[in-house]
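Read the structure below first, then the notes.
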Amino acid sequence: MNATIPANALKKKDFASDQDVRWCPGCGDYAILSGVQKAMAEVGAPPHQVAIVSGIGCSSRFPYYMGTYGFHSIHGRAPAIATGVKLANPELHVWVITGDGDGFSIGGNHMLHVLRRNVDLNIILFNNEIYGLTKGQYSPTTEIGHVTPSSPYGSIDQPVIPARFALGAGAGFVARGYDVAKELSALFVEAHAHQGASFVEVLQNCVVFNDGIFEEVANKKTGSDHHIWVKNGEPMIFGKAQDKGIRVSPKTGHLEVVALGDGITEDDLCRHDETNVERAWDLAHMEGGLTAFGVLYRVPGVAYDAAVRQQLADVKAQKGNLTMEELLRQGHTWDV
Amino acid sequence: MNATIPANALKKKDFASDQDVRWCPGCGDYAILSGVQKAMAEVGAPPHQVAIVSGIGCSSRFPYYMGTYGFHSIHGRAPAIATGVKLANPELHVWVITGDGDGFSIGGNHMLHVLRRNVDLNIILFNNEIYGLTKGQYSPTTEIGHVTPSSPYGSIDQPVIPARFALGAGAGFVARGYDVAKELSALFVEAHAHQGASFVEVLQNCVVFNDGIFEEVANKKTGSDHHIWVKNGEPMIFGKAQDKGIRVSPKTGHLEVVALGDGITEDDLCRHDETNVERAWDLAHMEGGLTAFGVLYRVPGVAYDAAVRQQLADVKAQKGNLTMEELLRQGHTWDV
Amino acid sequence: MTATDSNEASGEGQTVTREELDSVVIRFAGDSGDGMQLTGSQFGATSALMGNDLSTFPDYPAEIRAPAGTTYGVSGFQVHFASKDVRTPGDAPDVLVAMNPAALMVNLPQLKPHGVLVINTDAFTKANLKKAGYEANPLEDHSLDAYRLLAVDITKRTLEAVRPHGLSSKNGARCKNVWTLGLLYWLFDRDPAPTTQWLETKFKKKPDIAEANKAALRAGHIFAENTALPNGIHPYTVPKAELPKGTYRSIDGNTAAAYGVVMGAKLAGLPVMYGSYPITPASALLHHLAKLKHMDVTTFQAEDEIAAVCSAIGASFGGALGVTGTSGPGLALKTEAVGLAIGAELPLVIVDVQRGGPSTGLPTKTEQSDLLFAIYGRNGDAPLPVLAAATPGDCFHMAVEAVRIATQFMTPVILLTDGYLANGAEPWKIPDLDAYEPFPVTFQTETENFQPFAHDPETGIRRWVKAGTPGLMYRTGGLEKADGPGNISYDPDNHQAMTTMRADKIARVADSIPEAVIEQGEATGELVYVGWGSTHGAITQAVGQLLGEGHSVSHIHLRYMNPLPKGLERLLRGFKQVVVPEMNNGMLDKVLRAEFLIDAKGVNKVKGLPFQIHELVEDAYQRLGVNHEHSNVIAMGAE
Amino acid sequence: MTATDSNEASGEGQTVTREELDSVVIRFAGDSGDGMQLTGSQFGATSALMGNDLSTFPDYPAEIRAPAGTTYGVSGFQVHFASKDVRTPGDAPDVLVAMNPAALMVNLPQLKPHGVLVINTDAFTKANLKKAGYEANPLEDHSLDAYRLLAVDITKRTLEAVRPHGLSSKNGARCKNVWTLGLLYWLFDRDPAPTTQWLETKFKKKPDIAEANKAALRAGHIFAENTALPNGIHPYTVPKAELPKGTYRSIDGNTAAAYGVVMGAKLAGLPVMYGSYPITPASALLHHLAKLKHMDVTTFQAEDEIAAVCSAIGASFGGALGVTGTSGPGLALKTEAVGLAIGAELPLVIVDVQRGGPSTGLPTKTEQSDLLFAIYGRNGDAPLPVLAAATPGDCFHMAVEAVRIATQFMTPVILLTDGYLANGAEPWKIPDLDAYEPFPVTFQTETENFQPFAHDPETGIRRWVKAGTPGLMYRTGGLEKADGPGNISYDPDNHQAMTTMRADKIARVADSIPEAVIEQGEATGELVYVGWGSTHGAITQAVGQLLGEGHSVSHIHLRYMNPLPKGLERLLRGFKQVVVPEMNNGMLDKVLRAEFLIDAKGVNKVKGLPFQIHELVEDAYQRLGVNHEHSNVIAMGAE
Ligand SMILES: Cc1ncc(C[n+]2csc(CCOP(=O)(O)OP(=O)(O)O)c2C)c(N)n1
Ligand SMILES: Cc1ncc(C[n+]2csc(CCOP(=O)(O)OP(=O)(O)O)c2C)c(N)n1
Ligand code: SF4
Ligand code: SF4
Ligand SMILES: [Mg+2]
Ligand SMILES: [Mg+2]
């Protein structure tokens with residue numbers, strides 16, 4: 001249920017708590033916090049109808065800074081706790097805040113299951129490709145070869161690609177952004193609007209332990225040549241000069257990056273179709289240093305919690321209320 | 001390392017233990033057991049160089065029936081234990097036996113991580129779409145609407161598609177078979193040959209709690225019209241009369257089932273390309289009641305355990321052995 | 001079986017002289033596929049309906065259907081029914097029904113001397129005998145001469161009976177358990193009508209199967225009536241027991257615990273959110289609750305036990321009653337999250353249906369070996385109340401108590417039951433629900449000076465805030481919280497204060513529970529047995545017997561394990577010997593020793609089986625220095 | 001700081017009269033970003049090199065870099081260095097270095113009366129004062145008059161010093177901790193050379209930074225030398241301590257435990273497979289071991305603690321030494337799998353670096369609250385040995401012991417350390433490695449009559465079979481196993497026998513460990529403190545002081561928590577009062593009470609901080625009935 005209050009009645013600051021924000025100066029988490037607060041003000045969910053559940057990690061300190069209900073739980077378990085919150089109180093807009101360690105290392109199983117069940121949660125994965133809070137060990141999204149305290153000779157674990165994992169898990173909404181992107185809060189608004197599990201990966205800079213790994217992609221100057229924001233129904237063009245695009249390779253049938261001109265026009269480019277899961281699969285991990293942002297995949301579906309409520313209502317409608325007395329007396333009884 | 005002994009020197013029965021098999025009469029597990037034993041004899045791995053690790057479930061009783069090393073561990077954790085076995089003793093061929101509950105409910109996270117790390121394990125998922133051992137509750141692969149003791153009004157959880165999950169996790173070898181298929185043991189031979197994590201889903205009939213759910217697909221009479229065995233490089237033809245096939249839809253770019261004839265010839269059909277992950281994605285879940293069997297996806301890669309050993313060797317080569325005495329005296333020391 | 005008197009009873013149209021017994025123990029044993037669990041529970045249900053007191057004990061292998069004919073595939077079900085008070089399924093059976101050689105092999109050693117032995121001769125094939133480990137056929141080598149043998153080709157008789165209903169011989173033979181039930185019904189004067197009804201309901205959609213089974217039941221009954229019974233076997237009857245007046249039903253511990261949770265939630269005025277992951281022997285809690293969607297019960301089958309307990313904690317945060325149930329290995333997985341609920345001061349009910357350990361252990365067998373784990377099994381100083389139910393029916397009441405304490409004290413509570421309670425059934429007088437005092441939860445709604453972690457200065461309890469309440473937005477979690485505002489606090493004194501507060505709060509639960517009492521025997525004396533959980537029946541019967549023999553023995557039974565009830569120390573000090581019978585290797589004795597510095601000793605049985613009465617009686621003889629031979633009055637004569 | 005004598009020392013070219021002290025405690029405090037951990041550990045390392053005995057204590061917030069200027073962002077590091085035996089980082093600092101108002105606010109209360117206070121005036125801005133909660137500037141309102149204040153604009157001085165090296169003023173200001181170090185080095189007569197060297201190594205790749213820091217160090221040193229020190233502050237010196245002869249290094253508990261595991265594995269003749277998941281304060285175990293790939297150490301950073309322990313168990317099955325390390329919340333997740341290792345009778349070493357609980361608790365603070373969890377924290381009867389290290393260096397030895405017991409007894413072993421041991425450093429005499437008796441593992445290879453679960457009739461221990469050995473293929477797991485063949489067994493008597501065997505085997509570990517001893521004091525007397533783990537230092541110093549004062553106090557320190565060492569009961573009975581100081585709410589006292597029925601009492605501190613010596617001394621006064629005022633000799637004079 002999306003209880004809303006008149007647009008513009010709520011301001012970003014209505015979603016801030018009275019606690020000092022304790023992230024390192026320069027941490028990408030600040031921008032994401034701001035993006036979420038802005039999105040909440042925009043959708044107009046009153047703060048008391050919002051619950052934010054997180055695990056453990058720098059990113060998972062998030063709820064303390066929101067003037068909403070918040071549960072900074074235990075490592076990796078936020079999706080499971082959030083499921084309980086949503087089942088107990090369907091009126092709440094429930095957000096899950098997690099990190100690449102919290103959500104994909106220890107918490108991978110719960111992530112799988114909320115996505116496949118399609119619980120109506122808005123999940124933001126802060127992907128800084130590192131364990132921040134425990135001081136910089138490599139994470140399941142860290143690139144091979146990374147030297148960290150726990151991989152002094154370079155990590156050898158093949159990283160998981162969160163968006164592909166989400167697709168493989170059967171997610172109905174998969175999006176990606178980056179911490180300082182101006183489009184970020186709009187992405188959260190979309191996630192909020194989606195009924196069912198919305199998975200949003202946000203590339204996030206950890207200034208202390210992994211500074212600059214997304215620099216090329218997220219940098220104001222170079223970024224637009226290394227990323228594309230996809231929009232449903234629109235051709236996939238990008239580049240500072242809007243001179244590059246993505247088309248379906250006539251050879252392989254897969255997405256490939258092409259330069260416009262030289263016989264290739266906008267009409268040759270692929271138009272983004274949010275409901276096309278194979279395209280989303282390609283977009284989730286493009287070759288050649290290109291990163292796709294935006295809603296990569298979105299299909300409507302029945303949210304798990306809605307189905308639960310429906311079933312409760314159906315059984316009640318069909319069988320009526322049962323009293324405790326009746327329950328105990330069901331089946332064989334006898335008098336002495 | 002694949003220590004082998006002369007072909008035909010080993011027989012299927014060399015891989016049987018002295019324990020009575022305790023599955024229900026008619027259970028699909030018997031056929032899979034036989035398939036594994038046959039495959040092992042074929043590849044000629046001596047029984048003492050094979051270790052089979054399982055979790056908990058009917059399927060997970062498997063190791064007791066093999067005359068190899070076996071570890072019937074705890075629920076969901078077989079991939080993690082198997083990783084340790086392989087790291088400790090790389091000579092061993094390590095197999096993981098798991099069920100849809102064991103491997104995808106409680107054990108989903110470890111499954112994700114052995115697949116993405118590409119640990120050289122051969123993983124067989126016994127998918128009977130039910131929790132057998134605990135007497136018939138629905139599992140993460142159970143279809144929506146199934147009535148079980150824990151879903152008396154029908155289950156409402158969207159099931160996970162194991163092969164898609166495996167692809168999303170970054171697996172390099174994804175295959176599928178069914179319990180009584182004659183091709184099954186050959187599939188295990190392929191899994192064995194693959195360096196890195198091999199994921200084989202086997203549709204398995206549970207005669208007691210989920211009898212007949214794969215009947216249409218696996219039945220001797222009707223099966224060939226409802227399933228296809230894909231072979232690398234070969235056109236995708238199927239049907240008792242070999243009159244149906246799969247092609248790339250000119251409209252959507254996705255795989256679709258077509259009838260041969262009426263202008264559609266074998267040449268129009270898609271040829272299976274094991275290395276094409278998007279095709280594998282499509283094959284993992286075809287519309288219209290068709291189930292694809294065989295090696296859906298296979299790409300070479302570096303096995304995690306091989307990389308670990310390489311790194312150990314590299315550091316040793318580079319730094320030489322370090323004695324305990326030297327270790328303790330590294331850095332600042334002073335004499336009193 | 002204890003003979004009392006002879007009387008006349010009328011069989012179908014015919015007058016039969018029946019020997020009156022006041023107590024009979026029957027064990028049904030056969031292959032996992034032989035339907036022994038159904039047979040036994042039908043016999044029990046019928047006996048309950050007929051007014052006997054009873055206790056049942058299912059004992060089955062962990063395999064779903066172990067290979068036919070093997071000893072490890074034997075499934076057993078013991079029924080103890082009587083015209084007097086019954087607290088245990090009985091030590092040794094008076095009657096053993098063995099459907100095959102393996103069942104005989106496994107169970108014969110327990111049969112009473114000269115006991116009744118019902119055997120399906122058809123199953124005594126060479127192959128089956130070999131599988132069971134018999135060198136010779138016991139039906140032929142006189143090795144069973146010491147028993148009263150009723151050997152029948154049950155399969156053949158059953159097939160004859162069901163033939164008119166057109167079943168395949170495979171399906172037809174499946175009715176042999178019901179045929180056997182018919183035979184025993186006649187032998188023990190049971191009314192077949194409830195079973196007939198039950199068959200009709202169960203096979204509503206397969207009328208041919210229903211009819212075949214009904215025919216088998218009748219045929220077994222008629223066979224017994226018309227056959228000359230072997231020497232020493234007469235028709236028997238077991239009169240009604242004198243039970244307190246009321247309406248009764250049969251109940252097992254899992255059903256009772258599930259219903260108790262719902263009752264507790266009603267008293268608290270809360271909806272239930274039960275998050276669980278199936279595990280033997282706790283799965284039935286989920287099955288029962290899943291049926292109660294029309295009683296404000298939501299069930300969530302989670303992906304594992306961690307998600308299960310976490311979903312329950314989330315539900316409590318959202319203002320529902322979060323409940324989770326499991327067995328040992330699952331409890332192990334929940335420990336971290338239970339600590340979170342302690343830190344966040346949220347209500348949570350955890351039902352642990354104990355089974356044999358360590359690790360996977362003996363999944364279908366009973367044990368009490370999670371006690372210390374329940375009390376101490378969390379990182380950090382993480383105290384919580386631990387309760388334990390004593391009988392199947394008591395699971396209802398103790399579940400209500402668990403809900404009361406969890407919601408009133410804002411704490412997780414562990415309720416311990418075990419496999420024996422969970423699966424064992426007893427006739428249960430349906431309690432007067434109006435006698436239960438409601439304990440409605442009043443959520444915090446007051447926004448003025450709101451502090452989410454303000455603790456009542458008297459009780460140390462914080463008010464429950466339902467996420468979603470206007471104006472009370474707050475943040476919580478597993479980090480230490482500042483007393484009052486609840487923000488993260490690393491302050492040393494605050495941590496000390498909060499640790500003390502958490503400990504004191506749990507200690508104060510003792511103020512809200514009944515004081516310790518002597519259940520049987522004098523208030524002071526030579527020996528007191530201090531039991532907890534499902535040893536209740538065996539201790540009660542053993543102490544009853546010992547008291548009858550004039551020994552100075554008493555019985556205290558604990559239902560509140562942490563904190564311990566008030567007055568316990570004083571009671572214990574009234575006895576020269578304090579002895580703790582437990583189905584574990586020694587746990588409650590440790591607790592009592594540490595708490596009271598009393599030299600409590602254990603009687604420990606770790607066999608996956610409940611205590612037998614004689615085991616405790618003999619233990620008492622030894623401790624009391626009673627001459628064993630002399631006093632051995634426990635072997636109840638079969639004739 | 002305890003003055004002893006005055007002597008002459010020579011500063012750079014100049015002769016200085018230095019007051020000789022035998023012990024000084026300095027606390028460095030500043031923002032998380034101020035580099036206080038580095039400063040403190042450099043000071044400690046230098047003092048160690050100079051022959052002092054010392055003990056250090058880092059105390060930092062859980063946030064990586066909490067916002068500048070806040071009180072909860074204050075990071076502290078205390079160094080206690082002396083010419084005599086030092087066992088704790090000291091109660092109250094003699095010297096407080098406060099880099100900003102928040103550091104002053106948080107730490108001033110602990111500074112000794114009339115202590116030395118070094119302050120960076122630059123940080124005392126209006127904004128910072130407000131953030132720290134000061135209404136007025138303490139530098140101006142005479143509130144610091146009771147201390148010996150050395151207020152310097154450190155930032156400005158540092159910037160001046162580093163200017164020639166072309167750093168931005170942001171980067172330049174970062175050197176202010178090193179400038180401060182220079183100042184203190186002069187004040188306490190420390191040799192700057194080791195730090196200069198260290199800077200060169202650390203910033204090898206950034207020579208400008210290295211040079212800037214070196215310049216700052218020099219500048220601080222010169223500043224102190226050339227400045228007229230305020231009233232009451234003289235140059236000091238702390239002579240070498242008399243330490244046993246040998247080669248020394250500085251070691252913290254995590255390094256020692258990591259190296260001890262490797263040492264144990266060498267003695268056992270096994271490769272190490274360390275499976276772990278990072279968690280504060282245990283992560284450094286993984287970091288250290290990950291560097292030792294050339295010492296037959298494989299490390300596996302698992303996806304969670306469950307996978308971590310499972311990988312270690314798998315490794316043991318495969319014939320390597322499976323080891324895992326974690327802290328409380330991680331131990332909680334490992335419990336189920338530890339039970340498996342018990343059931344499968346496989347060696348496994350688990351290092352638990354305890355931290356503040358419950359739940360996430362106080363992740364960077366120390367506590368001893370996992371003791372009962374370690375002993376009892378598993379479903380079923382699942383006993384295992386529990387060890388505890390007493391000092392950072394002792395972690396080495398106890399890790400060796402853990403490996404020995406795990407491999408010799410085929411059992412998981414839990415080694416308890418804590419955050420204080422893990423992070424605290426002490427000078428450590430490198431042990432004579434040849435003095436360690438090897439305990440080589442001999443794997444089973446004999447195929448004749450092979451039974452994987454054959455137990456030595458004397459010891460109850462099974463032989464380790466390395467998966468991969470020809471002819472010994474066997475199956476194991478978590479279900480109960482038949483004694484001998486190891487096949488699944490639901491047999492009641494077998495379960496009883498196996499449960500007893502498992503318990504007896506662990507009990508017999510007591511035969512292989514040192515008997516209990518009195519560490520300090522007489523063998524009988526009025527009061528004995530029974531400590532375990534990191535309380536060792538505080539108890540030792542406190543008992544030392546009390547003995548010096550002539551009180552009847554003794555000290556027993558336990559390193560083996562389960563089973564307890566032999567002879568302990570006899571020792572305890574020699575005292576009127578048995579008192580257990582613990583950084584938890586009362587755990588070991590429960591164990592002693594249950595075991596020996598001795599009225600052990602607890603002194604409990606749950607503040608995330610180690611005991612201070614005076615806390616224990618005062619506790620003893622009270623218990624001994626000593627007049628407190630009179631005996632209060634603990635406030636060591638600053639002058
Ligand atoms: C059970 C448990 N295991 C381990 C930890 C330690 N831990 C805390 S946060 C964290 C990883 C955080 O990484 P990520 O989720 O990426 O968050 P970030 O700090 O990078 O935002 C770990 C390993 C813990 N708190 N609890
Ligand atoms: C920690 C834990 N939780 C739950 C269980 C109970 N349990 C045993 S097997 C099983 C599910 C088995 O399902 P699956 O893996 O599909 O195996 P199947 O029996 O169908 O072959 C469950 C829930 C357990 N043994 N341990
Ligand atoms: S350590 Fe990294 S992720 Fe954590 S707060 Fe600092 S910059 Fe952000
Ligand atoms: S319950 Fe099902 S899966 Fe299990 S052994 Fe029986 S038939 Fe097989
Ligand atoms: Mg991260
Ligand atoms: Mg299954």
Side-chain angles (χ1 to χ4, degrees), chain A residues 17 19 22 46-54 56 61 63-64 66-89 91-92 109-110 112-113 308 311-312 314-316 318-325 327-336, chain C residues 45 48-49 51 194 240 243-250 259 262-263 266 271 273 275 292-295 298 300 302-304 306-308 310-320 322 336-337 339-340 344 429-431 433 466-479 487-488:
Chain A
S17 78
Q19 295 292 293
R22 300 196 192 182
H48 73 269
Q49 287 191 359
V50 175
I52 307 200
V53 184
S54 66
I56 302 284
R61 291 292 181 94
Y64 292 114
M66 295 287 299
T68 63
Y69 284 94
F71 204 152
H72 173 233
S73 71
I74 45 177
H75 199 29
R77 317 303 173 190
I81 293 187
T83 299
V85 174
K86 187 75 188 172
L87 288 176
N89 197 341
E91 309 277 307
L92 290 170
N109 202 32
H110 310 303
L112 158 64
H113 289 282
V308 167
Q311 197 170 63
L312 287 171
D314 288 351
V315 174
K316 226 173 210 170
Q318 200 188 316
K319 305 203 159 193
N321 275 318
L322 189 70
T323 67
M324 206 57 222
E325 199 69 52
L327 173 66
L328 294 185
R329 284 165 198 275
Q330 271 178 350
H332 281 303
T333 61
W334 65 95
D335 289 315
V336 168
Chain C
L49 281 176
K240 282 191 180 192
L243 295 168
K245 275 208 181 328
T247 302
Y248 282 73
R249 58 167 289 163
S250 171
Y259 291 0
V262 180
M263 177 70 188
K266 298 253 171 267
M273 210 307 283
L292 304 183
K293 302 212 184 303
H294 45 330
M295 292 189 80
T298 301
F300 170 59
E303 56 271 26
D304 62 14
I306 301 177
C310 283
S311 69
I313 293 172
S316 284
F317 180 72
E336 190 202 5
L340 174 65
K429 181 164 173 273
I430 296 175
L433 298 181
K466 179 174 176 158
T469 311
L472 299 185
M473 291 78 72
Y474 80 107
R475 275 67 53 191
T476 186
L479 286 167
N487 299 320
I488 300 174

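Reminder, nothing fancy here: chain letters follow the sequence lines and each chain counts from 1. Computation of the quantities below employed the complete heavy-atom set of this structure, encompassing side-chain atoms and omitting hydrogens, waters and symmetry-equivalent molecules.
Judged by distance alone, with hydrogens and angles left aside, the side-chain atoms of C:S316 form a donor-acceptor pair with the main-chain N or O of C:G322 at under 3.5 Å. The closest donor-acceptor contact from the side chain of A:S73 to the backbone of A:S54 lies under 3.5 Å. Proximity of a side-chain donor or acceptor of A:T333 to a complementary backbone N or O of A:R329 within less than 3.5 Å is not detected.
Both the backbone and the side chain of C:P470 come within contact range of chain A, judged by heavy atoms closer than 4.5 Å. For C:K240, no part sits under 4.5 Å from any heavy atom of chain A, backbone or side chain. Proximity to chain A (any heavy atom under 4.5 Å) is shown, for C:A467, by both the backbone and the side chain. Looking at C:Y248, both its backbone and its side chain come within 4.5 Å of chain A, counting heavy atoms on both sides. The part of C:A344 that comes within reach of chain A is its side chain, from C-beta onward, which places non-hydrogen atoms under 4.5 angstrom from that chain. With a threshold of 4.5 angstrom between heavy atoms, C:M263 approaches chain A through its backbone and through its side chain. When heavy atoms are compared at a cutoff of 4.5 Å, A:E325 approaches chain C by way of both its backbone and its side chain. Looking at C:L292, only its side chain comes within 4.5 Å of chain A, counting heavy atoms on both sides.
Between chain A and the options C:E336, C:K429, C:K466, heavy-atom pairs under 4.5 Å are most frequent for C:E336. Per-residue counts of heavy-atom pairs under 4.5 Å with chain A were compared for C:A337, C:S250, C:P271, C:A315; the largest is that of C:A315. With chain C as the partner, the residue from A:T68, A:I74, A:V336 showing the most heavy-atom pairs under 4.5 Å is A:V336. Of the listed residues (A:I56, A:V53, A:L327), the greatest number of heavy-atom pairs within a distance under 4.5 Å of chain C belongs to A:L327. Contact tally against chain A (heavy-atom pairs below 4.5 Å) for C:V262, C:I313, C:I306: the top residue is C:I306. Of the listed residues A:V50, A:T323, A:V85, the one with more heavy-atom pairs under 4.5 angstrom with chain C than any other is A:V85. Between chain C and the options A:A51, A:G67, A:A78, the largest number of non-hydrogen pairs under 4.5 Å is found for A:G67. If you tally non-hydrogen atom pairs under 4.5 Å between each of A:N321, A:L328, A:L112 and chain C, the highest count goes to A:L328. When each of C:E303, C:K245, C:K293 is checked for heavy-atom pairs under 4.5 Å with chain A, C:E303 comes out on top. Of the listed residues (A:K316, A:Q330, A:M66, A:Q318), the greatest number of heavy-atom pairs within a distance under 4.5 Å of chain C belongs to A:K316. Ranked by non-hydrogen atom pairs under 4.5 Å with chain A, the options C:T469, C:L243, C:L479 are led by C:T469.
With sequence neighbours excluded, the residues that form a ring-ring contact (aromatic ring centres under 6.0 Å, His included) with A:H75 are D:Y277. Residues satisfying the salt bridge (charged side-chain N to carboxylate O under 4.0 Å, His left out) test with A:K319, not counting sequence neighbours, are none.
In summary, the side chains of A:R77 and A:H110 do present a donor paired with an acceptor at a separation below 3.5 Å, with no hydrogens or angles considered. A donor-acceptor pair shorter than 3.5 Å can be found between the side chains of A:Y64 and A:H72.
Looking at C:M273 and C:S311, their side chains come closer than 4.5 Å, going by heavy atoms from C-beta outward. Contact annotation: the side chain of C:L49 approaches that of A:H332 to within less than 4.5 Å [non-hydrogen atoms, C-beta and beyond].
Pairing each heavy atom of A:N89 with each of C:G468, the nearest pair is ND2-CA, 4.3 Å. The two residues C:M295 and C:K266 make their nearest non-hydrogen contact at O-NZ, 3.3 Å.
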- [ ] For A:L92 and C:F317, run side-chain contact (heavy atoms from CB on, under 4.5 Å): C-alpha distance rounded to whole Å, both residues' side-chain angles, the deciding distance at 0.1 Å, then the answer.
- [x] CA-CA 12 Å; A:L92 290 170; C:F317 180 72; 6.0 Å; no
